[in-house]
**Q** 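Quick one: structure below, then a few questions.
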Amino acid sequence: MSPIPTRHLLVGLTVVVAFGALGLAVATRRVTADHAGVIAAAASLIAAAASWAATSRASDTAAALATIERDRWHAEMTPDLEVSVSYPSLGAQRAFFRIVLVGPPTLSELESVVVTIRDDEVERRPLVPAPPSADDIANQIWGPMRFIAGIDGVEGSGRTTPAFRLKPGAAKRFDMDRTQPPFWDASQDPWGFWNLVHGIDKPVRLWIECRATGFRPWYLHREVSISTPSTRGDDASPPTA
């Protein structure tokens, strides 16, 4: 059951007091000057309470409409991003991650963009004794690509980029390479299985967090196919930032 709004309780209490005064007058079967004053005061209280309740409802309605408008504006201003992952040539060991802000036209700049590689949706549990521990599983990127640590401010496992700014039409590029099979995989052909489930024919799953002054953050999901010379039908290099 939803809680009763405070204004409803106050209005109800005012009405009870007013009708109590009226009841007293009726019970004594006479209306003295004092009773008349009480009744008049009670009537004023009822009118004031009703006016306050109406004002409060109007304020709530205005706040709700303002929230709807802010949400609509936030949705209309959602960044339109062009994201690609491309191998520049046959036999290349590194791929290029490239992100471009292409709209909306009224969005002047993203002051902070952070790209995070998402894992696949397979549930994995730690083993006792480890490995893998829960940390081992969390640190492993369960997907085909990672950002290269030590380049452009990328650290750790290569899952996340540092924050960067992005202006309309401008591009930001990061180097990527293939992820590695888990270090605890003791099978005879760990790379064979890894390429089967996380090969470059699989998409790169991304969370992209975007921030701009005056707006709540946007959290965007992208699944990006990996472009190679064979999928492009040529050996041309992709555009660079």
**Q** Report all side-chain donor-acceptor pairs from residues 143-157 shorter than 3.5 Å, counting only partners two or more places apart or in another chain.
**A**
unit_1	atom_1	unit_2	atom_2	d
Arg146	NE	Asp177	OD1	2.9
Arg146	NE	Arg178	O	3.4

**Q** Do Trp191 and Gln180 pass the side chain to side chain contact (heavy atoms under 4.5 Å, CB included) test, and can you show the C-alpha distance, the side-chain angles, and the key distance before you say yes or no?
**A** CA-CA 8 Å; Trp191 268 109; Gln180 304 287 318; 3.3 Å; yes

**Q** Taking only residues two or more places apart in sequence or in another chain, which ones pass salt bridge (charged side-chain N to carboxylate O under 4.0 Å, His left out) with Asp119?
**A**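 For Asp119, the residues satisfying salt bridge (charged side-chain N to carboxylate O under 4.0 Å, His left out) (neighbours in sequence not counted) are Arg159.
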
**Q** Can you give me the closest heavy-atom contact between Leu107 and Ala212, atom names plus distance?
**A**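 Smallest interatomic distance, heavy atoms only, reads CD1-CB, 4.2 Å.
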
**Q** Holding to salt bridge (charged side-chain N to carboxylate O under 4.0 Å, His left out), I want the full list of residues that pass it with Asp120, two or more places apart in sequence or in another chain.
**A**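 Counting only residues at least two positions away or on another chain, Asp120 forms a salt bridge (charged side-chain N to carboxylate O under 4.0 Å, His left out) with Arg124.
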
**Q** Answer whether the closest heavy-atom distance between the side chains of Phe96 and Pro88 falls below 4.5 Å.
**A**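 SC-SC contact between Phe96 and Pro88 confirmed.
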
**Q** Could you give me the CA-CA distance, side-chain angles and deciding distance for Val224 and Phe97, then say whether side chain to side chain contact (heavy atoms under 4.5 Å, CB included) is met?
**A** CA-CA 10 Å; Val224 183; Phe97 169 88; 5.9 Å; no

**Q** With the 4.5 Å side-chain cut-off for hydrophobic clustering, are Phe164 and Phe215 part of the same group?
**A**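 Yes, one cluster joins them.
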
**Q** So, using salt bridge (charged side-chain N to carboxylate O under 4.0 Å, His left out) as the criterion, who are the partners of Arg72 when residues are at least two apart?
**A**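 Residues passing salt bridge (charged side-chain N to carboxylate O under 4.0 Å, His left out) with Arg72: Glu69, Glu76.
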
**Q** With sequence neighbours left out, which residue pairs that include part of residues 195-213 fulfil the salt bridge (charged side-chain N to carboxylate O under 4.0 Å, His left out) condition?
**A**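 Only Glu121-Arg205, Arg205-Glu223, Glu209-Arg211 qualify under salt bridge (charged side-chain N to carboxylate O under 4.0 Å, His left out).
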
**Q** Would you please name every residue forming a side chain to side chain contact (heavy atoms under 4.5 Å, CB included) with Ala138, sequence neighbours left out?
**A**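 Testing Ala138 for side chain to side chain contact (heavy atoms under 4.5 Å, CB included), a comparison that skips the adjacent residues, returns none.
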
**Q** Suppose we screen for side-chain hydrogen bond (donor to acceptor under 3.5 Å, both in side chains). Which residues come up paired with Arg118, at least two apart in sequence or across chains?
**A**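 Arg118 satisfies side-chain hydrogen bond (donor to acceptor under 3.5 Å, both in side chains) with His221 once adjacent residues are dropped.
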
**Q** Show the nearest heavy-atom pair for residues Pro229 and Ser89, with the distance to one decimal.
**A**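 Minimum heavy-atom contact is CG-C, 3.5 Å.
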
**Q** Quick one: list whatever passes salt bridge (charged side-chain N to carboxylate O under 4.0 Å, His left out) with Glu109, sequence neighbours left out.
**A**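 Glu109 satisfies salt bridge (charged side-chain N to carboxylate O under 4.0 Å, His left out) with Arg165, Lys167 only.
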
**Q** Val114 and Ile99: same hydrophobic cluster, using ILVMFWY side-chain contacts below 4.5 Å?
**A**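 No.
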
**Q** To the closest 0.5 Å, what do you measure between CD1 (Ile200) and OG (Ser225)?
**A**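 Those atoms lie 11.5 Å apart.
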
**Q** Suppose clustering is done on Ile, Leu, Val, Met, Phe, Trp and Tyr with side-chain heavy atoms closer than 4.5 Å. Which residues sit in the same group as Val122?
**A**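 None, because no other hydrophobic side chain comes under 4.5 Å of this residue.
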
**Q** Within the structure provided, determine whether Leu166 and Leu81 are in side-chain contact (heavy-atom separation under 4.5 Å).
**A**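 A side-chain contact under 4.5 Å exists here.
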
**Q** Using the test side-chain hydrogen bond (donor to acceptor under 3.5 Å, both in side chains), find all partners of Thr106 that sit at least two apart in sequence or belong to another chain.
**A**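 Expected list: none.
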
**Q** Sequence neighbours excluded, which residues qualify as side-chain hydrogen bond (donor to acceptor under 3.5 Å, both in side chains) partners of Trp218?
**A**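 Testing Trp218 for side-chain hydrogen bond (donor to acceptor under 3.5 Å, both in side chains), a comparison that skips the adjacent residues, returns His74.
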
**Q** Go through the steps to decide whether Ile117 and Met176 satisfy the test side chain to side chain contact (heavy atoms under 4.5 Å, CB included), and finish with yes or no.
**A** CA-CA 11 Å; Ile117 298 174; Met176 304 186 83; 3.9 Å; yes

**Q** Quick one, Cys210 and Leu220 - any side-chain contact, counting heavy atoms below 4.5 Å?
**A**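 The answer is yes; the side chains approach within 4.5 Å.
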
**Q** Identify the heavy atoms of Pro126 and Ala134 that sit nearest to each other, and give their distance.
**A**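 Here Pro126 and Ala134 meet closest at CB-N, 3.5 Å.
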
**Q** Within a strict 4.5 Å, meaning less than it, do heavy atoms of the Arg222 and Ile208 side chains meet?
**A**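 SC-SC contact between Arg222 and Ile208 confirmed.
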
**Q** Do Leu101 and Asp80 have side chains that approach each other closer than 4.5 Å (heavy atoms only, starting at C-beta)?
**A**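 Answer no - side chains too far apart.
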
**Q** List the atom of Trp142, the atom of Ile137, and the distance in Å for their closest heavy-atom pair.
**A**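 Shortest heavy-atom contact: NE1-O, 3.1 Å.
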
**Q** Count I, L, V, M, F, W, Y as connected when their side-chain heavy atoms are under 4.5 Å apart, and connections chain through other members. Are Val83 and Phe174 then in the same cluster?
**A**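 The answer is yes; both residues are in one hydrophobic cluster.
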
**Q** Closest heavy-atom contact between Asp136 and Pro131?
**A**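 Closest pair (atom of Asp136, atom of Pro131, distance): OD2-CB, 3.7 Å.
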
**Q** Using distance only, find each side-chain donor-acceptor pair of residues 183-190 under 3.5 Å and give its atom names and separation, not counting sequence neighbours.
**A**
unit_1	atom_1	unit_2	atom_2	d
Asp185	OD1	Ser187	N	2.9
Asp185	OD1	Ser187	OG	2.8
Asp189	OD1	Gly192	N	3.0

